[in-house]
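What follows is a short report on a single structure.
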Number of protein chains: 2
Amino acid sequence: MLISEFARTVELPVDTIRFYIAKGLLKPDRSLKGGSNPYHLFKPEDVTAARMIRLQQTLGYTLSEILTLNDEYRAGEHSSERTIEVLELQIERLQERKIALDTALSFLRNKVDWVKSGKAGDAPNLEDYQ
Amino acid sequence: MLISEFARTVELPVDTIRFYIAKGLLKPDRSLKGGSNPYHLFKPEDVTAARMIRLQQTLGYTLSEILTLNDEYRAGEHSSERTIEVLELQIERLQERKIALDTALSFLRNKVDWVKSGKAGDAPNLEDYQ
DNA sequence: CTTGACCATGGAGTTTACTCCACACTTATA
DNA sequence: TATAAGTGTGGAGTAAACTCCATGGTCAAG
C-alpha cells in the first residue's frame with residue numbers, strides 16, 4: 001500500500017503520516033523505487049500502529065511518550081516480565097484518567113438533575129467529587 | 001487571596017494563572033491597589049474555576065473550548081433548557097472518550113493476560129476492540 | 001533609605017503537533 | 001513528448017499553551 005491509500009485507510013493527512021515516519025512512530029518498508037527517492041510501502045500492521053497512535057493520543061499521550069512506550073515495548077519484547085511492567089504502567093495511567101473522567105461525568109449528571117429539579121437545594125460542587 | 005497564594009492553592013505556576021486571566025478563563029477581582037497596577041484578588045470560586053479548567057484539560061478540552069463552554073453556560077444561565085443542552089453535550093463527549101478509554105484498557109489487560117499465559121494463541125488485536 | 005518580597009504589563013521564546021510550500025524525480029496517459 | 005498524478009526531502013510557518021524576562025511599581029523590615 002502506498003502513502004495516499006494508507007492515508008485514506010487510517011483517515012489521516014499524508015503530511016501527518018510523513019511527520020510520524022520522521023518521528024519514528026511509523027516504520028514502513030522502503031523497497032519500492034519510485035521518484036527521486038524510494039517509496040514507502042505500508043503493511044496492515046502499519047494500519048494498526050497508526051490507529052494505536054490515534055487512540056493513545058485521544059487518551060492524552062504525547063507523541064514522544066508514545067514513542068518511548070513503543071521503544072520500551074520493543075526493548076522488552078524478549079522479557080515477559082518487562083513487557084508486563086510496561087503494560088501495567090499504561091493501565092495504571094489510563095485508570096487514573098478514567099477516575100477523572102468519571103468524576104467529571106457524575107458532577108455534570110448531578111448538575112443536570114439539579115437544574116431539572118428547578119435548582120432545589122445547593123448547586124453541585126466540584127470539590128465534593130474528588 | 002493574592003496571586004502567589006492562589007498559585008500554591010491550585011498548584012499552578014503564577015505565569016499560567018496570569019495567562020488564564022489574559023485568556024478570560026479566570027476573572028478575579030481587581031479592587032486592591034498595589035504596585036503600578038491594581039492587584040488581582042482571588043475568591044474561593046476562582047479556586048473551583050481553576051480546578052475545573054484542569055479537569056477539563058485532562059479530559060482533552062482546549063482552552064478556547066473551555067472558554068466557549070463557560071460563555072455558553074453563563075449565557076444560558078437564565079434558561080434551564082439551554083443549560084441542560086450545554087451540559088448534555090459535554091456529557092456525550094465525555095462518554096465517547098470513556099469508550100475509547102475502555103477500549104484501550106481491555107486491549108491492554110488482554111495483552112497482559114496473553115503474555116502471562118506464555119503467549120498462547122493469537123496476540124490480542126486492536127481491531128477487535130472497536 | 002536601600003534592600004527584598006510581591007505585584008502588573010508587554011513582549012520574546014519554547015514545545016508540540018502538525019501544515020504548507022518549493023523543488024526534484026518517476027510513471028501512466030493523451 | 002508534454003502533462004498530470006503520485007512520491008520524497010528539506011525547510012518555513014502556524015496554533016496552542018505555556019514559560020521566561022525586562023521594566024516599573026508598592027510596601028515592610030532593617
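Each chain gets a letter, A, B and so on, in the order the sequences are listed, and its residues count up from 1.
Across the protein-nucleic acid pair, Glu65(A) atom CD and dA17(C) atom C1' stand 14 Å apart, rounded to whole Å. Put simply, NZ on Lys33(A) is 9 Å from C1' on dT26(C), counting in whole angstrom units. Summarising the geometry, the separation between CD1 on Ile17(A) and C1' on dA17(C) is reported as 14 Å, rounded to the nearest angstrom.
For the pair Tyr73(B) and Thr83(B), the minimum side-chain heavy-atom distance is below 4.5 Å. Side-chain contact between Arg30(B) and Tyr39(B): absent, with no pair of heavy atoms (C-beta onward) separated by less than 4.5 Å. Between Glu72(A) and Gln90(A), the closest side-chain pair of non-hydrogen atoms is not below 4.5 Å. Put simply, the side chain of Val47(A) reaches to within 4.5 Å of the side chain of Arg51(A), judged on heavy atoms.
Taken from NZ in Lys116(B) to CG in Leu87(A), the straight-line distance is 10.0 Å, to the nearest 0.5 Å.
Of the possible polar contacts, none joining the Arg97(B) side chain to the Leu101(A) backbone as a donor-acceptor pair under 3.5 Å is found.
Surrounding NZ of Lys43(B) are at most 12 heavy atoms belonging to other residues, nucleotides or ligands under 6.0 Å away.
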Hey, what are the protein-to-nucleotides 5-9 of chain C N/O distances that come in under 3.5 Å?
{"from": "dC7(C)", "atom 1": "OP1", "to": "Ser4(B)", "atom 2": "N", "distance (Å)": "3.4"}
{"from": "dC7(C)", "atom 1": "OP1", "to": "Ser4(B)", "atom 2": "OG", "distance (Å)": "3.2"}
{"from": "dC7(C)", "atom 1": "OP2", "to": "Ser4(B)", "atom 2": "OG", "distance (Å)": "3.2"}
{"from": "dC7(C)", "atom 1": "O4'", "to": "Tyr39(B)", "atom 2": "OH", "distance (Å)": "3.4"}
{"from": "dA8(C)", "atom 1": "OP1", "to": "His40(B)", "atom 2": "N", "distance (Å)": "2.6"}
{"from": "dA8(C)", "atom 1": "OP1", "to": "His40(B)", "atom 2": "ND1", "distance (Å)": "2.6"}
{"from": "dA8(C)", "atom 1": "OP2", "to": "Arg18(B)", "atom 2": "NH1", "distance (Å)": "2.4"}
{"from": "dA8(C)", "atom 1": "O3'", "to": "Arg30(B)", "atom 2": "NH2", "distance (Å)": "3.1"}
{"from": "dT9(C)", "atom 1": "OP1", "to": "Arg30(B)", "atom 2": "NH1", "distance (Å)": "2.9"}

What nitrogen or oxygen pairs link the protein and nucleotides 16-20 of chain D at under 3.5 Å?
{"from": "dA17(D)", "atom 1": "OP1", "to": "Leu63(B)", "atom 2": "N", "distance (Å)": "2.9"}
{"from": "dA17(D)", "atom 1": "OP2", "to": "Leu63(B)", "atom 2": "N", "distance (Å)": "3.4"}
{"from": "dC18(D)", "atom 1": "OP2", "to": "Tyr20(B)", "atom 2": "OH", "distance (Å)": "2.7"}
{"from": "dC18(D)", "atom 1": "OP2", "to": "Gln57(B)", "atom 2": "NE2", "distance (Å)": "3.0"}

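Not counting sequence neighbours, Phe19(B) has no partner by the ring-ring contact (aromatic ring centres under 6.0 Å, His included) test.
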